[in-house]
Every structure is written in structure tokens, then in C-alpha cells.
Number of protein chains: 2
Amino acid sequence: MNHGIAIGKVSQASGVKVTTVRFYEQIGLLAAPPRTDGGRRTYDLKDIERLTFIRHSRELGFEIDQIRTLLELQDRPGQSCADADTIAKARLVEVKAKIASLTALQAELERMVDGCSHGRVESCRVIEILADHGKCKHHLHDA
Amino acid sequence: MNHGIAIGKVSQASGVKVTTVRFYEQIGLLAAPPRTDGGRRTYDLKDIERLTFIRHSRELGFEIDQIRTLLELQDRPGQSCADADTIAKARLVEVKAKIASLTALQAELERMVDGCSHGRVESCRVIEILADHGKCKHHLHDA
DNA sequence: GCTTGCTCCTATAGTCGCTGGAGGATGTAC
DNA sequence: GTACATCCTCCAGCGACTATAGGAGCAAGC
């Protein structure tokens, strides 16, 4: 019996799926852990922390490469946190833009749905708006 | 000289990239057009309309399969538009949920960025919040 | 007619961040 | 000892494109 946390426990504790933990190891986001005699991965508490960090970052919409940078920063606490700040700020700008875009989108979808008189397709506002971009007031970016 | 619109022109007119037009043909979203003697695709105005419809639908965040349904509906104008209405309503629900999620995200990112004193990583609010989910007030879903 | 240079063709592989399945080995509880 | 959960590797697939290689077509200028 080896003393180390099995991948399933780590998965449960961190909220990252087992397959995803292995995937993170594969892409070098998480160091390859030691193995049992039988070849099973054994983790420790640090790994759970790291995976929690990754999961939370992913939930905040950071890309893997950005998380890589953030993790490197975390490993070197004496360094300036300017990079972390820059990454977070850039993400904030993205999020604001996306909210604006989705709000415009919401308005257009509401217009479509409200205008639909539940009749035939030939007079359907939904189809009509999709077909004719001229009827669209808002300029939408990637939604 | 054949009379038909070249893929480049269709792309320009519809706002769909040339490679994407070919991709749509490949997945059966757009019918394969006739060709010139030299083997080049020749389109007509209907195709531009269809591609514009597709592009606009994609901008509104509809999935390819949903667009397939919407296009089929458009082709049979006598039919009830209930399906189109259902698809649009479902998308509206998704968009509203996403806006809510992103707004929570925005708040958390602002908290991170505002709290960062631009010092060392060891006292960086950004890193700290990412590391410790307990400091996160909001429960975030997919952002 | 010939060359320049743009547009177009096919086919295939890559992007991102996972997710799922096959087929088998290991560990544990009774 | 045996049933069962968990783990292993490898590889394929998702959605919606995007990019690259290596050509062929075609219009305009000289």
C-alpha cells in the first residue's frame, strides 16, 4: 500500500475530471506524479491545490497558456505580479465586450421571438430577420 | 466565359470566408453548385442569400444543426413556424444565462484587478483568488 | 503568344480543450 | 478467492472552422 492520493480522489477534491487530470499532465500543465508499483499515479495535497487553481482559472475563462503563465508566477512568489495583473485585465476587457455583444444579441432574439405571430413560415419574424441582415439594428460581433 | 458568381465574390457579398463556403458545402449545409469547364464553382444570388442567412444565424450563436433546421423551414414557407420559434426561444434562454454568468465573472475579475497592489506575487490578489476558491463569492458556471 | 499574378482547386492536418471508448491491469472488500 | 471499482494506455472524435502544400485556371498587359 503506497501513501499517495489516487487520481480519483484528486479529481473529486479539485473538481477536475479524471480524464482531464491526465490530459493536463499530457500537455505539461501538471507535472507527472510518481507511480505505485502497479503503475498508478499518486498525488499529494499540492497537486490538489494546483488543480483547483487551474479549474478556477478555467471557470474564469482563462486560456491554458495564460494559466501556464499564472502558475509559473505562483511558483515564484518574489516576482512582480504585473504579468498576472495584465492577464486579468485583458480578460476583463474581453468579458466586458462579450457581455455587450450578448446583450445586443438578447435584444435581437427578443425582437424575433416577440414578433413571431406563430403562423406560417412565410410571415415568420424569426426567419425574416435571419434572412435579411438589413432588419438587424445591432452590429454583432462573435457571440 | 461562364455566367455565374465565383466563390470569391460570393464570399465577399455574404461575409463568409471562401474556405468556410467550401466547408459548408462539404457538410451539406450549402448545395454543391455547378462548375465551370475548368472545375470552378459557380454560384447565383440565391446562394449569397443563403450564406448571409447562415452567417447571421452563426453570429446569433445558433449551432450548425439548428441552422440546418431553420434553412429547411425557410425552404417550405407554408409550414408552421413553431419550430423556428422554439429554436430562437431556446437560444434566448442560453444567452440570458450566459450574460448572468459573465456578469458574475466580471465582478470577480474586477475584484481581482482592483485588489492587486502591483507588488510581489506573494501578496497578489489575482493569484490569491485563483488559488483559493473559498475567496470566490460567486458560483460560476461555464463562462 | 507569353508572362505575370491573382483566384481557384483538392486533400490533408491542425486548432482548442477536452471527452469517450476499447481492452486490459490493479487494488480492495468481503 | 472472487467480485467489483478503479485505474492504465492508446486512439478517435467533438464543433466549426483554419491553414498549408502543391497545383491548375484565367484575365490583362506587352
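By convention in this document, chain letters (A, B, ...) are assigned in the order of the sequence lines, proteins followed by strands, and residues within each chain are numbered from 1.
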Establish, with yes or no, whether the OP1 or OP2 oxygen of [N] is under 4.0 angstrom from a side-chain nitrogen or oxygen of [X].
{"X": "R55(B)", "N": "dC17(D)", "value": "no"}
{"X": "R40(B)", "N": "dT7(C)", "value": "no"}
{"X": "K17(A)", "N": "dC18(C)", "value": "no"}
{"X": "T19(A)", "N": "dG20(C)", "value": "no"}
{"X": "Y24(B)", "N": "dC17(D)", "value": "yes"}
{"X": "R58(A)", "N": "dC18(C)", "value": "yes"}
{"X": "T36(B)", "N": "dC26(D)", "value": "yes"}
{"X": "R35(A)", "N": "dT9(D)", "value": "yes"}

| message | Restricting to non-hydrogen atoms, name the atom on P33(B) and the atom on Y43(B) that form the minimum distance, rounded to 0.1 Å. | response |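 For P33(B) and Y43(B), the tightest heavy-atom pair comes out as CG-CE2, 3.5 Å.
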| Closest contact, heavy atoms only, L51(A) versus V16(A) | O-CG2, 3.7 Å
| said: Rounded to whole Å, please give me the gap between CZ in F23(B) and P in dC14(D). | reply: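 Checked: the CZ to P distance equals 11 Å.
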| Between dC16(C) atom P and I67(A) atom CD1, what is the distance in whole Å? | 13 Å
| note | Comparing nearest nucleotides in DNA chain C, the 5'-proximal residue of the pair K9(B), Q26(B) is K9(B)
| request: Could you say whether Y43(B) or I54(A) is positioned toward the 5' end of DNA chain C, judged by the nucleotide with the nearest heavy atom to each? | output: Y43(B)
| task | Check whether the side chain of R22(A) and the base of dT9(D) form a donor-acceptor pair under 3.5 Å. | result |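 Under the 3.5 Å cut-off, the side chain and the base do not form any donor-acceptor pair.
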| query | NA contact type, F62(A), heavy-atom cut-off 4.0 Å: base, sugar-phosphate, or nothing? | reply |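 Nothing: the residue F62(A), judged by heavy atoms under 4.0 Å, touches no strand.
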